[in-house]
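Below you'll find the structure, written out as C-alpha cells, and then a few comments.
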2 protein chains.
Amino acid sequence: MGATRDRADRADRADRDDRDGAAPAASRAAQRADEGAVDPDSPEGRGGAAAVLPAGPPGTGRPGLDQRRILGAAVELIDQGGLRELTMRSLGAHLGVEAMALYRYVPGRESLLDGVVEVVVDELYGDPDVYLEPRDGWQDYLARLAHGLRRIALAHPEVFPLVATRPPAAPWVRPPLRSLRWVESFLQAMTRSGFDDEAAVGAYRAFSSFLLGHLLLEVSQRGVPTGPLEDQQGPPASTDLSAYPELRRLRPQLSEDASAVEFEESLENLLERLERLLPPEHGR
Amino acid sequence: MGATRDRADRADRADRDDRDGAAPAASRAAQRADEGAVDPDSPEGRGGAAAVLPAGPPGTGRPGLDQRRILGAAVELIDQGGLRELTMRSLGAHLGVEAMALYRYVPGRESLLDGVVEVVVDELYGDPDVYLEPRDGWQDYLARLAHGLRRIALAHPEVFPLVATRPPAAPWVRPPLRSLRWVESFLQAMTRSGFDDEAAVGAYRAFSSFLLGHLLLEVSQRGVPTGPLEDQQGPPASTDLSAYPELRRLRPQLSEDASAVEFEESLENLLERLERLLPPEHGR
DNA sequence: ACCTGAACACCGTTCAAGT
DNA sequence: ACCTGAACACCGTTCAAGT
C-alpha cells in the first residue's frame, strides 16, 4: 500500500493549491504554455488546440497576434471575471486590438470556447506530477491523473463548468478528460495492468463520472455567499430555515468544506472498486 | 434484499423513458405543472418558483401572462432548441407577446434561468414514484430519488447542464437536488434511519456528487455525432484514430451507451458504501 | 499579410406612452 | 393593470478598405 502514502502527499499539495487565488494559478498556467510545455510534437499534433481550431499563421515574435496568445488571454479573462466578461470585444481590447482582428485566428466565439477548454485541460501536460508514464501501477497513475485534474479545476473554477458541459466531439472523449491522448494513455495503463477490454472501458467511465461530479460540485461550492468572511452584518442574513429543522440543525456541517478529504476517500473507494474488476491472477 | 428488486423495476421504467423524444417529455412536464402538481401549499411556499422570483400578479384565466406560464414556455423552448434559442424576444413571441411584457413577471434573463432550473427540479414533486414519504427504508428512498432525478435529466437534456452548473444559492443546497425541501427530506430520512449527523451530511454529499457526475455525463452523451443512425455516408468520417491504437481497438465499447446499467451499478455501490456508515446496531 | 471602420442583425433592458 | 414603441448600450460577425 505504498501508493496510498503517495496519494496522501499529493492531496496535501492539492490543498495548498486550494488557497491560491485564481490569478496566480492562471499566470502559472500561462507561463507553462509559454514554455511550450504543451509538447508540440506529439502524435500528429492532434490534441493540441490546432485540433479544434484551424492552424492560424505561424508565430511572429511576441506582441504579434497568435492563436495561443488569444486562447491564453481568453482563459485569463474568464478566470478574472467569469464567462460573462469574455466578449470578442473585451478580448480584443485585452490584447490591444479590435475585436475583428481575432477572426483571423479563430472562427468565432464558439470555437474560441472550445479552444479555451482544450487549453485548460492540456495543462495536464505541463503538470510534472502527472505527465510521466505509468510507473507504480495503475492505481498510482489514476490517482495522479485525478489530482492533476483537480488542480486544474481549482485553478480555473470559472472555466471548469465549460469543461464539464461543452458537448464532447465524440462518445469516446468524455468530460472532464476530453483528450484523445489522455484517454489513450488511460486505456493503455489499464489493459497493460491486466484489465480486460470491458473492464478498462468501464473504468474509464467510472473515473470520468467520479471526477465530473466531484470537481463540479467542489468548484460550484466556491463563490457561494457564505464563503470565507464576506459582509458579516447583522444576523447571517441567510435564508429562513425555520421550516426545515433538520437543515437548520445540520447547517454548520453542511456549510463545511470537506471536499478535499471527500475527494480522497471517494477516489480511494473508486480505486478499490476498480481493483475488483481485475482477473484474479492480477491482484496486488 | 427486496429493495434491490424494486430498484431494478424502476430502472426499467427509466429505460423506457430513455427512448422518448424530448418533445413528449416536455409536454408531459407542462401538463403536470398545469395540473398544479407542484403542491402549492407546502412549508411557507418556499421551494416553489416564488422563492427565486418575485410574486407576480395572481392568476388571471388562461391566456393571460403568468409567471408559471412564462417559465413553462421557457423550459419548452430550451427543450426544443437548446439554451441558445431562448431569448427574451423569442420567449415573448412564443407567448404571443412582446419581450418587454415579460419584465412585469421576471426581473431579467438570469432570474428566468434560475426559475427554469427550479421548475424542472420541482418536477420531482409531480413524480408519483418519488413523492411519498420514506417507507421502505432509506435505501429504497434514495434509489427512488435518484431515479426520479435521472428521469428529469433525460426528459430535459438541454436544461440539465443549467441544473448542474448554476451557482447554488447556499452551500447546503447542492446541485442537482437544489431544493431546500428535498434536502430536508433527505436528511430526515437518513437521521431517522440511524445515521449520525456527520454520516447524514456525508451521504448527502456523496449522493449529490454521484448524481451530478452520472447524469451530466449521460446527458452530454446524448446529442453526440455518432448517435443513433444519422448521416451514414461514406466511411464513418469520424476523427482519425490511427495514432491511438487502444482507442481505435476499443472504439465499439467506448461508443456503447451503457449508462443505464452503469447508473444502477454505481447507485448500488453507493448505497452499499453508505450502509457502512451506519452504527452497527442499525445494520439491516 | 494583417488590422480596422463601418455596418448589419440581434441581444437584454428601460421607460414613457398607450389602452 | 397590463402591454407596447421607441430607444439605448452592447453583442457577434462580415467585408470592403486601409496600411
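Chain naming here is simple, since letters A, B, ... match the order of the sequence lines and numbering starts at 1 in each.
When side chains are defined from C-beta on, Y204(A) counts as touching L177(A), because their heavy atoms get closer than 4.5 Å. Using a 4.5 Å heavy-atom cutoff, the side chains of W172(B) and L247(A) are in contact. You'll find the side chain of H156(B) stays beyond 4.5 Å of the side chain of V219(B), heavy atoms only. Looking at heavy atoms from C-beta onward, V163(B) lies out of side-chain contact with L215(B) at the 4.5 angstrom threshold.
Under the 6.0 Å distance and 45° angle rule, R181(B) counts as a cation-pi partner of Y125(B).
Taking each heavy atom of V116(B) and A74(B) in turn, the nearest pair found is CG2-CB, 3.6 Å.
With sequence neighbours left out, the side chain to side chain contact (heavy atoms under 4.5 Å, CB included) criterion links A146(B) to F207(B), L211(B), F263(B), L267(B).
L77(B) contributes atom CG, which lies 9.5 Å from atom OG1 of T87(B) (distance to the nearest 0.5 angstrom).
With a cut-off of 3.5 Å on both pairing distances, the Watson-Crick and G-U wobble pairs of DNA chain C assemble into stems of 3 or more at C:4-8 with D:12-16, C:12-16 with D:4-8.
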| message | Does the protein touch nucleotides 5-12 of chain D at the base, only the backbone, or not at all? Give it as B, S and - per nucleotide, heavy atoms under 4.0 Å. | response | BBB---BB
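Straight-line distance from the CG atom of L95(A) to the P atom of dT4(C): 11 Å, rounded to whole Å.
For the salt bridge (charged side-chain N to carboxylate O under 4.0 Å, His left out) condition, the pairs that include at least one residue of residues 152-179 of chain A, sequence neighbours left out, are E110(A)-R166(A), D114(A)-R166(A).
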Are any protein N/O atoms closer than 3.5 Å to N/O atoms in nucleotides 16-19 of chain D? If there are, list each pair with its distance.
none

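For the pair R89(B) and E98(B), the salt-bridge criterion is not met [side-chain N within less than 4.0 Å of a carboxylate O].
Within the structure, every side-chain polar atom (N or O) of Y105(A) is placed at least 4.0 Å from both OP1 and OP2 of dA1(C).
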